[in-house]
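Shown next, in structure tokens, is the structure this report addresses.
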2 protein chains.
Amino acid sequence: MTEDSVSRRRRHRPEEAERAILAAARSFLESNPFREMTVEGVMARTGLSRPAFYAYFRDRYDLVTRLLEGIGGLLFAVDRRWLVGAEESRKEASVVLADALRRGAETFVRYGPVLRAISDAASQDARVEGVYRYGLIERLVDAVADRIERDVETGLSPDDLEPEETARALVLMTERYLLDAFGKPEECTTREKTGAVVEALVSVWVRTLYGLGP
Amino acid sequence: MTEDSVSRRRRHRPEEAERAILAAARSFLESNPFREMTVEGVMARTGLSRPAFYAYFRDRYDLVTRLLEGIGGLLFAVDRRWLVGAEESRKEASVVLADALRRGAETFVRYGPVLRAISDAASQDARVEGVYRYGLIERLVDAVADRIERDVETGLSPDDLEPEETARALVLMTERYLLDAFGKPEECTTREKTGAVVEALVSVWVRTLYGLGP
DNA sequence: ACTATCTGTTGACGTCGTGTCAATAGACAT
DNA sequence: ATGTCTATTGACACGACGTCAACAGATAGT
């Protein structure tokens with residue numbers, strides 16, 4: 001089973017051990033919340049001893065920060081089409097936006113436990129908070145605010161929307177709601193559940209920005 | 001200055017000391033995040049020793065749970081009028097809803113640091129998580145879902161809204177956004193800022209539920 | 001006023017997880 | 001075979017936690 005896992009008292013290439021630790025952390029977070037993640041608990045899943053951890057990571061907050069690195073970019077990528085788009089009708093914009101939200105949700109389904117761990121860690125450590133809230137989230141807010149500003153200028157969205165604040169509200173809603181839906185380690189995620197979640201998000205975003213519906 | 005603060009090696013009535021500890025915790029959280037709140041740090045603000053803490057509270061998570069008790073009810077109270085209301089026009093409903101959101105925001109302005117601390121603690125302790133997320137938040141979601149369901153039935157809101165999921169998205173957005181705006185210990189909260197935040201929240205809620213605007 | 005009792009209070013202790021460091025022992029080159 | 005390099009680890013000190021027996025201030029009874 002754990003063919004590639006690291007065995008005790010053996011030398012490895014630095015990256016090999018580092019990747020083994022990252023994998024062990026991911027595996028751990030699949031079934032346990034971040035608050036139960038201890039350095040010893042993670043290292044037990046590699047064949048290495050606890051002190052070996054500190055050769056590769058400063059502490060467990062550094063560990064989740066690196067876990068985020070592999071995912072952070074994805075969250076931008078999936079939304080890019082809507083984020084940089086413009087000059088469509090409300091109907092068109094809605095469709096593109098709905099697609100972006102659906103892809104974003106799928107990313108959360110896939111990396112839910114890890115993202116939940118990062119979110120939890122952010123409230124416990126100033127460094128993680130910086131990377132996650134003020135790095136990732138804030139950049140998403142800015143990007144969304146840009147798009148909203150353009151939509152207000154082109155008349156797609158009403159001009160009583162304050163782009164910055166509206167963007168922050170919508171992004172924070174999405175983050176929190178998706179974490180709530182897909183971040184629990186135990187939950188098994190069904191396709192119907194995913195559909196309902198995406199539908200609710202699309203409703204709020206589209207009705208807020210493009211006012212389709214009654 | 002600290003006339004009523006507890007002095008060392010003196011006996012007190014149980015509630016007197018307990019209230020002093022709760023006050024010390026509130027005061028601590030006014031200027032420090034929860035992650036820096038230690039039992040020793042709190043007790044240093046009373047005249048009591050660290051072990052005395054454990055005569056009144058099980059641990060620091062129990063402490064924030066009790067801090068929440070005094071506030072949790074308020075969040076329901078301010079929204080009650082809209083939550084239990086019905087049979088109004090969209091315009092009327094919007095006004096009542098906007099008022100509820102404004103009052104809710106004011107509660108957050110007032111108790112921001114404490115609520116932030118509770119939210120942070122919820123990710124670190126299963127008991128706090130139970131009280132906060134599955135107690136307070138979930139009950140708010142249910143109440144909002146009820147109201148949405150009635151609005152859908154009476155035709156005020158469109159019937160493609162799924163009440164439960166929409167309610168959860170909106171409530172989580174509001175919680176997260178208000179915490180983000182008013183939960184930082186250092187921030188000085190201006191009246192303009194409050195206004196902008198409430199306006200953004202009202203936009204999203206009203207446009208989602210009652211679709212006013214273009 | 002003296003004493004006994006009750007109980008709020010605390011110094012001292014054991015525990016747990018952390019982060020560090022000198023010493024150890026594989027792997028590789030010569 | 002031998003030496004060098006460095007990944008690895010046992011052992012240590014630290015900080016915060018939660019507990020407990022012992023202490024001492026308040027109160028009641030005489």
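Order of the sequence lines sets the chain letters (A, B, ...), proteins ahead of strands, with each chain counted from 1.
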Original post:
Within this structure, what is the CD-to-C1' distance between E36(B) and dA16(D), rounded to whole angstrom?
Top reply: 15 Å
**OP:** May I ask you to say whether R66(A) pairs ionically with E18(A), meaning some side-chain N is under 4.0 Å from a carboxylate O?
**Re:** yes
N/O to N/O distances under 3.5 Å, protein versus nucleotides 17-21 of chain C:
unit_1, atom_1, unit_2, atom_2, d
dG17(C), O3', T38(A), OG1, 3.4
dT18(C), OP1, V39(A), N, 3.4
dT18(C), OP2, T38(A), OG1, 2.9
dT18(C), OP2, V39(A), N, 3.4
dG19(C), OP2, Y54(A), OH, 3.2
dG19(C), N7, R50(A), NH1, 3.0
dG19(C), O6, R50(A), NH2, 2.7

**OP:** Check the distance between dT24(C)'s C1' and L48(A)'s CG and give it to me in whole angstrom.
**Re:** 15 Å
Original post:
M43(B) has an atom CE; how far is it from atom C1' of dA16(D), in whole Å?
Top reply: 15 Å
Original post:
Over how many whole Å does the gap from R35(B) atom CZ to dG15(D) atom C1' extend?
Top reply: 18 Å
Original post:
Thinking salt bridges, do R127(A) and D59(A) make one under a 4.0 Å N-O criterion?
Top reply: yes
**OP:** Give the intermediate values and the outcome of side chain to side chain contact (heavy atoms under 4.5 Å, CB included) for residues V202(A) and R207(A).
**Re:** CA-CA 8 Å; V202(A) 170; R207(A) 292 175 62 79; over 6 Å; no
**OP:** Report the C-alpha separation of F182(A) and K193(A) in whole Å, then their side-chain angles, then the decisive distance to 0.1 Å, and conclude whether the side chain to side chain contact (heavy atoms under 4.5 Å, CB included) test is met.
**Re:** CA-CA 10 Å; F182(A) 306 123; K193(A) 166 98 180 194; 4.2 Å; yes
Original post:
Angle class for the Y61(A)/F34(A) ring planes (parallel below 30°, perpendicular above 60°, tilted otherwise)?
Top reply: tilted
**OP:** Give the rounded distance in Å between these two atoms: CD of E18(A) and P of dT8(D).
**Re:** 12 Å
**OP:** Run through L97(B), L170(B), V206(B), T174(B) and flag the one making a side-chain contact (heavy atoms from CB on, under 4.5 Å) with L201(B).
**Re:** T174(B)
Subject >> Separation of dG25(D) P from R13(B) CZ (nearest whole Å) >> reply: 19 Å
**OP:** For Y56(A), answer base if it contacts any base atom (sugar-phosphate contacts may also be present), sugar-phosphate if it contacts only those atoms, and nothing otherwise; contact means non-hydrogen atoms under 4.0 Å.
**Re:** sugar-phosphate
Subject >> Five-pair end axes of the helix from dA1(C)-dT30(D) to dT30(C)-dA1(D), angle between them (10°) >> reply: 10°
**OP:** Mark yes when over 12 heavy atoms from residues, nucleotides or ligands other than E40(A) sit less than 6.0 Å from its CD; otherwise mark no.
**Re:** no
Subject >> Salt-bridge present (R102(A), E106(A); N to O < 4.0 Å) >> reply: yes
Subject >> Neighbour count >12 (heavy atoms, 6.0 Å) for atom CD, E199(A) >> reply: no
**OP:** Starting at atom NE2 of H12(B), determine the distance to atom P of dA26(D), rounded to an integer number of angstrom.
**Re:** 9 Å
Subject >> Inter-residue atom distance R168(B).CZ - D180(A).CG, 0.5 Å rounding >> reply: 5.5 Å
Sort me out a list of protein N/O and nucleotides 27-30 of chain C N/O pairs below 3.5 Å, or just none if empty.
unit_1, atom_1, unit_2, atom_2, d
dA27(C), OP1, R10(A), NE, 3.4

Original post:
Say you draw a straight line from CZ of F108(B) to CG of L74(B); how long is it, rounded to the nearest 0.5 Å?
Top reply: 11.0 Å
